[in-house]
Number of protein chains: 2
Amino acid sequence: MKKRYRNGEIWDFEHEIGLLRNRDVILGLDGGTTSTVCICMPNLPFSDPFPDPLPVLARAVAGCSNHNSVGETAARETLEQVMADALLKSGSNRSAVRAVCLAVSGVNHSTDELRIMNWLREIFPTHVKLYVQNDAVAALASGTMGKLHGCVLIAGTGTIAYGFMEDGRQARAAGAGPVLGDWGSGYGIAAQALTAIIRAYDGRGPVTILSSNILQTLDLSSPDELIGWTYADPSWARIAALVPVVVSCAEAGDQVACEILQDSVEELALSVKAVVQRLGLCGEGVTFGNITFDSPIVPALFILTWTMYIAFRWKSFFPLVMVGGVLEANERWDIGKEVVNHISKSYPGVLPIRPKVEPAVGAALLGWNFFMKESRKEAYKR
Amino acid sequence: MKKRYRNGEIWDFEHEIGLLRNRDVILGLDGGTTSTVCICMPNLPFSDPFPDPLPVLARAVAGCSNHNSVGETAARETLEQVMADALLKSGSNRSAVRAVCLAVSGVNHSTDELRIMNWLREIFPTHVKLYVQNDAVAALASGTMGKLHGCVLIAGTGTIAYGFMEDGRQARAAGAGPVLGDWGSGYGIAAQALTAIIRAYDGRGPVTILSSNILQTLDLSSPDELIGWTYADPSWARIAALVPVVVSCAEAGDQVACEILQDSVEELALSVKAVVQRLGLCGEGVTFGNITFDSPIVPALFILTWTMYIAFRWKSFFPLVMVGGVLEANERWDIGKEVVNHISKSYPGVLPIRPKVEPAVGAALLGWNFFMKESRKEAYKR
C-alpha cells in the first residue's frame, strides 16, 4: 500500500489505535454539492433480505466534494478525511476495508471515474474493491437496497431523473441546470413564483397571494425590491428555499401557485417517462392514457386482461425511487404523489419508493452488492 | 465652478485649446451596460421639425457606466471622461454647455437621480441645466425626437417596456432579469433554444434542427457539452448572441424554433400592453380582438364609425419606439413586425417607430426639449 501524507495526519490514527474489532467493513460515500456523508457497514454474510435496521457501524459528515465546485485537491481531501473519520469512529482501519463505493456528484464521464479510481487506489491496498459512481446511483440504491434496476427521480434545488437496467444500460433526463430548463426543480418552482409576483405587479399577470406571502418571508416591502434581492446572490439554493411558501399558497387555494406546482409535476413526470421510454424499463411501454371505452363490459374485460398481462410480465413493473425536498409529502398539495399519478397514466407498473435510508447507505449497499458478485465470480473461477 | 482633479487631466484640454467655436451646445449621454455614448449637439434655435440630418458636432464612446456593474467611482470617471472627449472633439468646452441629459441604465429611483445630479453639479456651472434619466428614456426620445410621450420596447439581451405620458406619469413592465422571467428577451429566446436541444436529446421534447445548427455554431459535438458550456460563463449576452441561429432555424421551417419565437412575440407584446393599459396611453383601451360580426354591413359600418372615432380622438394613437437586436427586421421571421401585429389586435392605435438616430441623440434632443421649456418658463416670468 502506498502511503500518502499530503495533508499530514489523515491516517495517523491507524498507528495509534490499531484495529479494535476484527471484522471486514464496507465504505459507502455520498458526495454532494452541500455535504459529503460516509457510512461504514460490516461486510454482511450473503443474506436476503438485509437485516432491518441495517447494522451501520459509523457515520461521518464533511463539506462539499464536487470537484466542479471546490476543485480537485479540496474534493480529494474532503473525501479522504471523511473516510478516515468513519473508520476511526467504527474502530476500524484500512486493512479491514473490503470494498469502497464512492458516489459523488459531478461524475458524468468515464474519465471522471478513472481519475477518482486512480486516486482511491493510492489510498487502499489492491485487494480492496473500488467502485466510483454518480451520486444519483447512491440515491437509487438507497431505495432498492443496493440493486441497480429502476429509476430515481431527484428533486431538490435541482432535478434529475436517472434510469438503470440490470444489463448495465442507463439513461438520464434533465439535470442540466436552470439555464437549460430544469423547470420541475425547487429552483424552477420558486423562480416561477418570483416571476409571478413581478408579472402581477407590472400588469402582465393575475393577482396572487404569492406576492404578500413571499415578500413577507423575505422581509421586503415591494416587488421592485425582488430585483435587487435576486441580483444580490444568484445562488439557486437560496431561491429554492421558497418552495414551502409556494406549496402553502397552493394549499390555500391560490390559482397561480397551483398552476406552478402543476407545471412542476408535469415536468418531473416527463423526465421519468423519458428515461423509462428510452430504456424500455416498463416493457413495451403500453399506455392507458388515450384509450376510450364504448361499453362498460369492454373496460372490465380490458382491465382483467391487462391485470393478467401485468401479472405474467414482471418486467412491466419498475421501482421509482423518489428523493429530495420537493417530493416529500406535504399536507394537502403533495407534489410527489401527483408525479406518481401522472406517470402511472402512461406506465401503470410504476412502483414508487421513498427510501428509508440515506444515499450513503445506498452507496454502501451497492458496494456490498458489487463485492459479493465479484467474489462469487472469483470463487467460481477457482 | 468647482474644479475636480480626481484622476488628473480629464479637463486639462480646456486650458490648452480654449474655445474654438463660439456656440452653445447640448450634451446627451446614453450609458448602458456594454458601452457609453456621448453626443454633442449645437443648441438649436426653436424649430419644429428638427433639421434632417441632425447637426451632431461630435460623438465619443466609452465603456460601461452602470454603477451596479462597475461601481460608483468607475461609472463616474467613465461618464466624466466621455463628456470631456465629446467636448474636445467638437472644439467646445464646459463654458459652452447649456444642458446635459444623462440617461444611464441602473437609474431606477429618485435617490439614484439625486446622487448623479449632485455629482454632475460639481462638474458644470450652476446655469447649466442638468437632467438625469433611465436609459429607456433616451431610447424613447430617439424615436419621438425628444418628446416624452408613448411607449418604448427594448429587446436586446434583456427586455423592458417603458411608457411615458406628457403629464409625467410613467410605467414599466418586465426588465427584471432572467431569473424573474424576461422571457421575450434575446437571452430568453436563446435559453429556450438551448433547453429545446437538451429536451430533444434526453427524450423530453421533439427533434429540432436547433440541435445541429447551434452545436455547430458553438463548435460542440454533443448536447451533453452544452452543460459545461453554460456553466463555464453564465453571461447573458453570450447566450443571447445565439438569437440569429434561432431565427434562421425558424425561417427554415423548424417547428420548435417557430414556437420559441412565437412565445417571445407574445411576451414582448404583453409587456407593451401592460404598460399601455396601466397608463391609459390608448384612451379607454377599446379592443377589436374579441368582437364577432354577423353581417357584412355591420363590420363596414363599424369600421367607418371606428375610423371617425379614432380621427377625433388623437389620444388613441400612441408611438411605440422599438429598439434592440431582437426587434430588428429579419428576412422572413420578423419578430418586431409580429409584436406590432399582436399589439394592434388590442390597441389598433399603435404607431411603431424604428428610430433613425441612436439613443444618445435621443438624450441630447430630450435635454434640448427640457432646456427650451425651462427657458420659455423663465422668459415668461421676467
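Each chain gets a letter, A, B and so on, in the order its sequence line appears, and its residues count up from 1. No hydrogens, no waters, no symmetry mates; every other heavy atom, side chains included, goes into these values.
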Task: chain B interface, residue from Ala193(A), Ala161(A), Ala191(A), Ala176(A) that has the most non-hydrogen pairs under 4.5 Å - done: Ala176(A)
- [ ] Let me know if Ile197(B) has heavy atoms under 4.5 Å from chain A in its side chain, its backbone, both or neither.
- [x] neither
Task: Residue Gln216(B) excluded, over 12 heavy atoms near CD under 6.0 Å - done: no
Task: Heavy-atom proximity to chain A below 4.5 Å, by part of Trp229(B) - done: neither
Task: Interchain contact, Ile227(B) with chain A, by part (heavy-atom threshold 4.5 Å) - done: both
Task: Gap between atom CG of Leu180(B) and atom CG of Leu194(A) - 0.5 Å precision - done: 6.0 Å
- [ ] Sort Ala174(B) into side chain, backbone, both or neither according to what part of it lies under 4.5 angstrom from a heavy atom of chain A.
- [x] both
Task: From CZ (Arg204(A)) to CD (Gln277(B)), nearest 0.5 Å - done: 14.5 Å
Open item on the list: Which one wins on heavy-atom pair count under 4.5 Å against chain B: Gly203(A), Ala196(A), Ala171(A), Ala274(A)?
Closed with: Ala274(A)
- [ ] Step through the shown structure and confirm whether more than 12 heavy atoms of other residues, nucleotides or ligands are within 6.0 Å of CG on Asp167(B).
- [x] yes
Task: Selection from Ile239(B), Asp182(B), Val275(B), Thr230(B) maximising heavy-atom pairs under 4.5 Å formed with chain A - done: Thr230(B)
Task: Exam field: side chain Arg172(B) to backbone Asp202(A), donor-acceptor pair closer than 3.5 Å - done: no
TODO: Evaluate whether atom CG of Asp233(A) has more than 12 neighbouring non-hydrogen atoms of other residues, nucleotides or ligands under 6.0 angstrom away.
DONE: yes
- [ ] Please examine the side chains of Tyr187(A) and Val179(B), heavy atoms only from C-beta on, and report whether any two atoms are closer than 4.5 Å.
- [x] yes
TODO: With a 4.5 Å cut-off on heavy-atom pairs, point out which of Gln192(B), Lys273(B), Glu267(B) contacts chain A the most.
DONE: Glu267(B)
